[in-house]
Amino acid sequence: MPLFSRQSLLLQTTFSELKRRATEQSVLFVGTPGSVGARIVSGRPFWYRQYYDPQGKKSADYLGAVGNADAEALADETRERIELTNALVAEARELSRRGYARVDSRTGAILAALANHGIFRAGALLVGSHAYGALLNELGVRAANYFTEDVDIARAHPLKVVLPENGGFAEMLADSTIVLNPVPGFDRKSPPTSYKTKGADRLRVDLLVPIGGDEVKTRAVPELNAHAMALPFLAYVLERPIDGVLLGREGAVPVKLPRPEAFAWHKMLVSELRGSTREKQGKDRQQASAIFAVLAEDAPDALAQAFEEIPRGGKSKVRSAAKIVLELLNKASHERASELLETFL
């Protein structure tokens with residue numbers, strides 16, 4: 001079977017309009033949009049936004065006293081935001097039914113919390129499998145489902161963001177209301193670069209930065225008051241990011257994404273790096289083949305330029321993985337993509 005199929009022009013237009021409106025949001029809700037209602041406290045009415053948090057628990061945010069000018073203005077503004085978010089949720093749900101990628105409530109909450117702190121506006125990127133799903137949406141195609149519980153956040157350069165008081169990246173994550181604990185490394189003296197929910201739950205957030213050479217290390221990220229895993233060849237996929245939007249069950253989150261042509265080559269490259277498991281290799285090559293197949297038809301020149309930009313030491317790894325990707329393309333009868341990929345071998 002083909003590695004991808006194209007969405008209708010109508011659905012692509014719907015997605016583009018959703019993306020436009022999503023990027024106009026000044027603040028994103030964490031949890032369901034909910035509703036604005038009055039509660040009587042000590043005999044007086046107060047406005048609250050009432051909603052369900054990402055764990056499905058009832059919650060409420062205090063807005064102010066009924067009749068107070070500032071509280072009334074905030075209540076009206078919150079109602080407008082709820083109306084917009086409900087519309088985005090309805091469209092995201094319909095797009096999901098037609099094959100668009102959509103994330104679960106907890107992933108959406110984590111990314112909404114980070115977006116509210118401005119890290120994507122400042123230049124941080126969503127990478128990994130969630131970026132793959134978002135790129136499929138951007139390209140207007142549907143492909144094999146991807147499954148991941150990892151949220152990968154990367155930055156190429158220091159970010160200009162305002163930290164939470166007496167906090168940093170961990171406190172930004174805490175605004176998602178999901179308890180994410182620092183994950184100790186193999187060397188217990190090394191600072192954590194990942195955050196994970198308790199027990200057997202596999203949801204985790206990884207903070208990543210690029211490094212020269214071919215050794216994985218830990219690096220400080222002072223502007224986030226945190227540490228990150230420093231990965232070889234990561235800088236390549238972080239250059240010249242594009243604007244994207246992540247569809248969720250409770251909203252739509254504007255994010256930064258890698259360019260799809262760089263993403264495809266980088267997935268081939270990292271599948272050849274030491275430490276890559278067979279399962280991860282297969283996933284990386286599958287994602288690379290799907291994106292490559294789309295771009296071979298839509299933007300072959302972009303693929304060619306991105307190939308030339310692969311850093312020294314990376315092209316040999318890409319060519320090694322490309323031989324397997326070529327088998328996937330041939331098996332799926334993507335002749336145009338196969339012919340194009342052969343020119344890079």
Checking side-chain polar atoms at under 3.5 Å, does Tyr195 have a donor or acceptor matched by the opposite partner on Asp206? no

Donor-acceptor contacts, no H, no angles, side chain residues 3-12, under 3.5 Å, sequence neighbours left out:
{"residue": "Arg6", "atom": "NH1", "partner": "Asp298", "partner atom": "OD2", "Å": "3.1"}
{"residue": "Arg6", "atom": "NH2", "partner": "Glu297", "partner atom": "OE1", "Å": "3.0"}
{"residue": "Arg6", "atom": "NH2", "partner": "Asp298", "partner atom": "OD1", "Å": "2.8"}
{"residue": "Arg6", "atom": "NH2", "partner": "Asp298", "partner atom": "OD2", "Å": "3.4"}
{"residue": "Gln7", "atom": "NE2", "partner": "Arg98", "partner atom": "O", "Å": "3.1"}
{"residue": "Ser8", "atom": "OG", "partner": "Leu11", "partner atom": "N", "Å": "3.2"}
{"residue": "Gln12", "atom": "NE2", "partner": "Gln7", "partner atom": "O", "Å": "2.9"}

Taking the six-membered ring for Trp, are Trp265 and Phe292 ring centroids under 6.0 Å apart? yes

Looking at Leu28, is its backbone amide N or carbonyl O close enough to the side chain of Asn116 to form a donor-acceptor pair, meaning the two atoms are under 3.5 Å apart? yes

N-O pairing of Arg93 and Glu250 below 4.0 Å: no

Answer whether the closest heavy-atom distance between the side chains of Val221 and Phe169 falls below 4.5 Å. no

How far does CG of Leu163 sit from CD of Glu171, to the nearest 0.5 angstrom? 9.0 Å

For the pair Leu139 and Leu295, evaluate side-chain contact (heavy atoms from CB on, under 4.5 Å) and give the outcome as yes or no after the intermediate values. CA-CA 9 Å; Leu139 294 169; Leu295 295 179; 4.0 Å; yes

In short, Pro33 meets Thr85 closest at the heavy-atom pair CG-CG2, 3.5 Å

Give a yes or no on whether the backbone of Gly199 and the side-chain of Lys196 come within a donor-acceptor separation of less than 3.5 Å. yes

If you draw a 6.0 Å radius around CZ in Arg202, do more than 12 non-hydrogen atoms from other residues or ligands fall strictly inside? no

Got a donor-acceptor contact below 3.5 angstrom from the Glu223 side chain to the Leu159 backbone? yes

Do Glu215 and Lys217 sit within salt-bridge range, that is, some charged N less than 4.0 Å from a carboxylate O? no

Looking at Lys256 and Asp243, is any side-chain nitrogen of the basic one under 4.0 Å from a carboxylate oxygen of the acidic one? yes

Identify whether Ile178 and Tyr51 are in the same connected component of the hydrophobic contact network (ILVMFWY, side-chain heavy atoms under 4.5 Å). no

How many angstroms lie between atom OG1 of Thr107 and atom CZ of Arg102, to the nearest 0.5 angstrom? 12.5 Å

Shared ILVMFWY cluster between Ile291 and Phe233, side chains joined below 4.5 angstrom? yes

Do Val161 and Met172 have side chains that approach each other closer than 4.5 Å (heavy atoms only, starting at C-beta)? yes

Assess the residue pair Glu272 and Arg285 against the criterion (salt bridge (charged side-chain N to carboxylate O under 4.0 Å, His left out)); give the C-alpha distance rounded to whole Å, side-chain angles, the decisive distance to 0.1 Å, and a yes or no. CA-CA 10 Å; Glu272 292 294 309; Arg285 291 164 180 167; 2.6 Å; yes

Measure the shortest side-chain to side-chain distance between Phe15 and Val245 over non-hydrogen atoms and say whether it is less than 4.5 angstrom. yes

With rounding to the nearest 0.5 Å, note down the distance linking CD in Glu261 to CD1 in Ile242. 8.0 Å

Heavy-atom nearest pair, Pro258 first then Leu135, reads O-CD2, 3.4 Å

Do Phe263 and Ile153 share a hydrophobic cluster, counting only Ile, Leu, Val, Met, Phe, Trp and Tyr and linking them when any side-chain heavy atoms are less than 4.5 Å apart? yes

Donor-acceptor pair, side chain of Asn137 and main chain of Ala101, under 3.5 angstrom: yes

Is there a donor-acceptor pair closer than 3.5 Å between any side-chain N or O of Asp201 and the backbone N or O of Thr197? no

Please determine whether side-chain contact (heavy atoms from CB on, under 4.5 Å) holds for the pair Arg21 and Leu84, giving the CA-CA distance in whole Å, both sets of side-chain angles, and the decisive distance to 0.1 Å. CA-CA 8 Å; Arg21 288 186 292 152; Leu84 169 60; 4.2 Å; yes

So, Glu309 and Lys315, do they make that salt bridge, N to O below 4.0 Å? no

Val127/Leu238 under side-chain contact (heavy atoms from CB on, under 4.5 Å): CA gap, chis, key distance, verdict: CA-CA 9 Å; Val127 295; Leu238 303 182; 4.0 Å; yes

Does atom OH of Tyr52 have more than 12 heavy-atom neighbours, drawn from other residues, nucleotides or ligands, at distances under 6.0 Å? no

How long is the straight-line distance from OG1 of Thr14 back to CD of Glu17, given to the nearest 0.5 Å? 8.5 Å

Does atom CD (Glu342) have a neighbourhood of more than 12 heavy atoms from anything else shown, all under 6.0 Å? yes

Ser35 and Gln50 side chains, donor-acceptor separation under 3.5 Å: no

Sorted by chain and residue number, the side-chain hydrogen bond (donor to acceptor under 3.5 Å, both in side chains) partners of Asn86 (sequence neighbours excluded) come out as none

Answer whether the closest heavy-atom distance between the side chains of Lys19 and Glu138 falls below 4.5 Å. yes

With no hydrogens and no angle check, do the side chains of Arg204 and Ser194 hold a donor and an acceptor under 3.5 Å apart? yes

Which heavy atom in Gln25 sits nearest to a heavy atom in Ala252, and how many Å separate them? NE2-O, 2.9 Å

Flag this pair as yes if the NZ/CZ of Arg81 is under 6.0 angstrom from the six-membered ring centre of Phe29 and inside a 45 degree cone about the axis; otherwise no. yes

Going by atom types only, do Ser129 and Gln287 share a side-chain donor-acceptor pair under 3.5 Å? yes

Residues Arg106 and Asp53 bridged, charged N to O under 4.0 Å: no

What one should report as the nearest heavy-atom pair of Ala115 and Arg121 is O-NH1, 3.7 Å

Are side-chain heavy atoms of Val209 and Leu231 found at a separation under 4.5 Å? no

Is a side-chain donor-acceptor pair under 3.5 Å present for His130 with Asp152? no

Taking NZ, NE, NH1 and NH2 as the nitrogens, is one of them in Arg336 or Glu339 under 4.0 Å from a carboxylate oxygen of the other? no

Please confirm whether the backbone N or O of Ala288 pairs with a side-chain atom of Tyr132, one donor and one acceptor, at under 3.5 Å? no

Check against side-chain contact (heavy atoms from CB on, under 4.5 Å), Val253 and Leu247: CA-CA 7 Å; Val253 184; Leu247 303 183; over 6 Å; no

Side-chain (Glu308) to main-chain (Gln305) donor-acceptor, under 3.5 angstrom: no

Hey, are the side chains of Arg240 and Arg259 touching, using non-hydrogen atoms and a 4.5 Å cut-off? yes

Asp284 and Gln281, any side-chain heavy atoms less than 4.5 Å apart: no

Salt-bridge test for Glu83 and Arg79: reply yes if a basic N is under 4.0 Å from a carboxylate O, no otherwise. no

Taking transitive links into account, so neighbours of neighbours count too, which hydrophobic residues share a cluster with Tyr62 at under 4.5 Å side-chain distance? Val41, Phe46, Tyr48

Nearest non-hydrogen partners of Arg44 and Ala65, listed with the distance: NH2-CB, 3.8 Å

Between Ser289 and Gln286, is there a donor-acceptor pair closer than 3.5 Å when you use the side chain of the first and the backbone of the second? yes

Minimal non-hydrogen separation, Arg39 against Ala60, with atom names: NH2-CB, 3.4 Å

What distance do Leu340 atom CG and His334 atom NE2 have between them, rounded to the nearest 0.5 Å? 13.5 Å

Answer yes or no: is there a side-chain heavy-atom contact under 4.5 Å between Thr343 and Leu341? no

Answer yes or no: does atom CD of Glu279 have more than 12 heavy-atom neighbours from other residues, nucleotides or ligands under 6.0 Å? no

